[in-house]
Amino acid sequence: MGNNKQLTSQSEDFSAWYNEVVLRAELADHSPVRGSMVIRPWGYGIWEHMQSALDTMFKETGHENAYFPLLIPMSFIEREKEHIEGFAPELAIVTRAGGKELEEPYVVRPTSETIIYSMYAKWVQSYRDLPVLLNQWANVMRWEMRTRLFLRTSEFLWQEGHTAHATAGEAEEETLLILKLYRKFMDEWLAMPPITGLKSDSEKFAGAVNSYSCEALMKDKKALQAGTSHFLGQNFSKQFELTFQSEAGTEEYAWNTSWGVSTRLIGGVVMTHGDDNGLVIPPRLAPTQVVIIPILAGEETSGVLEKADEVLGRLKKLGVRAKIDSRDNLSPGAKYFEWERKGVPFRVEIGPKDLQNEQLALVRRLTPEGENRKAFLPETEAITKLPEKLEYFQDDLLEAARTRRDDSTVRGVNSFGELKEAFDSGAGFVYTGWSGNPAVEDTVKEQLKATIRVLPGEEFLSESSPRKCVSGDTDSVTEVVWARAY
RNA sequence: CGGGGCGUGGCUCAGUCCGGUAGAGCGCUGCGUUCGGGUCGCAGAGGUCCCCGGUUCGAAUCCGGGCGCCCCGACCA
């Protein structure tokens with residue numbers, strides 16, 4: 001890296017490509033704290049668009065934001081047995097504060113179920129207080145052994161929704177509502193179409209009855225768990241005395257759900273759309289959607305800059321996020337490379353020739369099939385068509401990602417040998433039958449490094465369901481989707 | 001925690017075997033030039049060679065100890 005102007009190509013070393021592009025597109029940087037990153041403005045800008053889209057969707061479905069503390073009493077975390085077993089190895093614990101040893105250590109939240117449901121217990125008396133539908137935007141900490149920018153860092157940003165309901169049915173409905181919401185968000189905003197479904201027991205959230213997941217396929221054919229929605233049953237409400245008086249007058253434990261997506265999504269977008277020239281940011285997420293490069297040649301400098309300003313104003317009026325790159329110490333070519341690396345969807349060039357001809361040069365980050373990379377369009381046409389061109393670009397990205405996903409999906413695999421063959425020949429998602437026996441998962445994981453990503457939801461099931469478990473030994477009880485995963 | 005590698009200007013690294021005044025490219029600053037796909041030229045700034053100790057007239061280089069980081073394997077949004 002460093003003095004190399006070219007990025008390592010994806011085909012040569014996808015993982016090196018990822019690391020380089022994240023750093024050189026200035027999404028994030030390594031911090032002095034082991035395993036923790038700094039999210040730079042370009043990366044944080046993307047996160048802000050994700051946040052605002054999700055936040056709107058949460059509120060449209062009746063949720064409200066709140067904030068709970070960073071530090072959680074150790075005894076809270078320990079109360080739910082599976083929960084503590086799952087998180088114990090990755091807890092950061094505060095034992096000293098104010099110059100002395102604490103009586104009870106605090107855990108830096110790895111997730112907030114315990115402290116949140118302890119508060120709900122205080123607020124809920126009757127079925128009339130239900131449901132409680134809260135979300136918080138927060139940072140969490142999980143001490144990871146191996147970290148990668150965005151994909152796995154010790155501290156990360158996320159949202160965690162936590163709800164309490166009077167009945168199991170309502171809570172299950174909520175879990176699925178959010179799963180659907182996440183899927184819609186990933187389709188429409190990230191152009192990263194996930195498959196969704198239920199997690200197998202070995203992959204479910206520590207403390208949940210069951211977990212649903214959105215699994216997206218990256219360009220290297222590996223799956224990324226992009227969002228999860230958990231049905232918690234009464235596991236936490238029983239530990240935290242989250243009870244209410246039912247309509248019939250009996251005392252009942254509430255039913256909970258929790259769900260979250262994190263800054264990991266940024267890594268997902270990078271690996272879904274990026275290419276050898278750098279990032280490709282879906283227009284709806286792009287902090288800058290259109291960059292205007294003035295060509296400052298000859299005598300026309302001031303005229304060109306004036307025109308650039310005028311174009312900027314007109315684009316902004318149309319709701320396009322545009323900016324001018326007027327730095328005078330870089331050649332236009334250098335700027336092209338830089339903004340392409342950063343993944344800006346469109347570039348407008350304005351030079352002396354264009355002033356004369358009342359035209360603009362328009363370049364799309366990915367040139368559609370059969371089009372010239374650089375199109376010279378009448379000025380007004382170029383400007384007024386940009387909003388819809390941004391939408392087309394967004395749609396094209398989704399379409400391309402969906403095609404990639406489906407093209408690398410293999411269905412109807414009936415045996416361990418076929419499963420291996422599928423992965424050996426570059427499959428992403430592979431559908432097989434499964435007996436439900438965890439030993440099969442262990443074998444596949446050990447030998448093929450693939451895991452069950454989900455028991456696919458209805459809309460992803462194969463047309464005819466498999467008869468045999470992939471192990472070949474027994475009948476299948478459910479179809480499952482295997483992949484190598486991040 | 002096992003296996004491998006590396007610590008030298010902001011970045012990537014050469015120099016270490018074989019000790020002798022600390023280098024390159026990129027980046028940065030200034031001036032000029034150029035500007036429609038990574039302009040060019042000139043001038044310049046910038047280094048406790050990871051740390052501590054030893055050997056030596058002399059250590060980035062040799063010896064001993066320590067620290068840190070990266071990569072590969074077992075856990076994970």
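In the text below, chain A, chain B and the rest are named by the order of the sequence lines, each starting its count at 1. What you are looking at is a predicted structure, and each value in this text was computed from that prediction instead of being measured.
- Applying the salt bridge (charged side-chain N to carboxylate O under 4.0 Å, His left out) test to A:D328 and every residue at least two apart in sequence or in another chain returns nothing.
- Considering only residues two or more places apart in sequence or on other chains, A:F58 meets the ring-ring contact (aromatic ring centres under 6.0 Å, His included) condition with A:W259.
- When the salt bridge (charged side-chain N to carboxylate O under 4.0 Å, His left out) test is applied to A:D187, the partners found at least two apart in sequence or on another chain are A:R402.
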Check: protein-nucleotides 1-9 of chain B nitrogen or oxygen pairs below 3.5 Å:
none

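- In the region residues 134-144 of chain A, proximity to RNA chain B at under 4.0 angstrom, judged on heavy atoms, holds for A:R142, A:E144.
- Using a 4.0 Å heavy-atom cutoff across all strands shown, A:S211 reaches no nucleic acid atom at all.
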B/S/- along nucleotides 32-38 of chain B (protein heavy atoms under 4.0 Å) is ---BBBB

Between N or O atoms, less than 3.5 Å apart, protein on one side and nucleotides 69-71 of chain B on the other: list the pairs.
none

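- Taking the six-membered ring for Trp and the full ring otherwise, the centers of A:F240 and A:F76 sit less than 6.0 Å from each other.
- Legend: residues meeting salt bridge (charged side-chain N to carboxylate O under 4.0 Å, His left out) with A:E174, ordered by chain and number and at least two apart, are absent.
- Partners of A:W482 according to the side-chain hydrogen bond (donor to acceptor under 3.5 Å, both in side chains) rule, which considers only residues two or more places apart in sequence or in another chain, are A:T432.
- A:R365 pairs by the salt bridge (charged side-chain N to carboxylate O under 4.0 Å, His left out) definition with A:D275, not counting sequence neighbours.
- Counting only residues at least two apart or on different chains, the salt bridge (Lys or Arg N to Asp or Glu O under 4.0 Å) pairs with a member in residues 197-215 of chain A are A:E82-A:K204, A:K199-A:E203, A:K199-A:E215, A:E203-A:R453, A:E215-A:R453.
- Between A:M141 and A:E155 the shortest side-chain heavy-atom distance falls below 4.5 Å.
- Counting non-hydrogen atoms under 4.0 angstrom, A:I293 reaches nothing in the nucleic acid.
- Among residues at least two apart or in separate chains, side chain to side chain donor-acceptor pair (under 3.5 Å) pairs with a member in residues 347-359 of chain A are A:Y336-A:E349, A:E340-A:R347, A:R347-A:E349, A:E349-A:K374, A:D354-A:Q359.
- Comparing A:F156 and A:K449 against RNA chain B, the residue whose closest nucleotide sits nearer the 5' end is A:K449.
- Summarising the base pairing, B:rC28 is matched to B:rG44 through a Watson-Crick or G-U wobble pair whose two defining distances lie under 3.5 Å.
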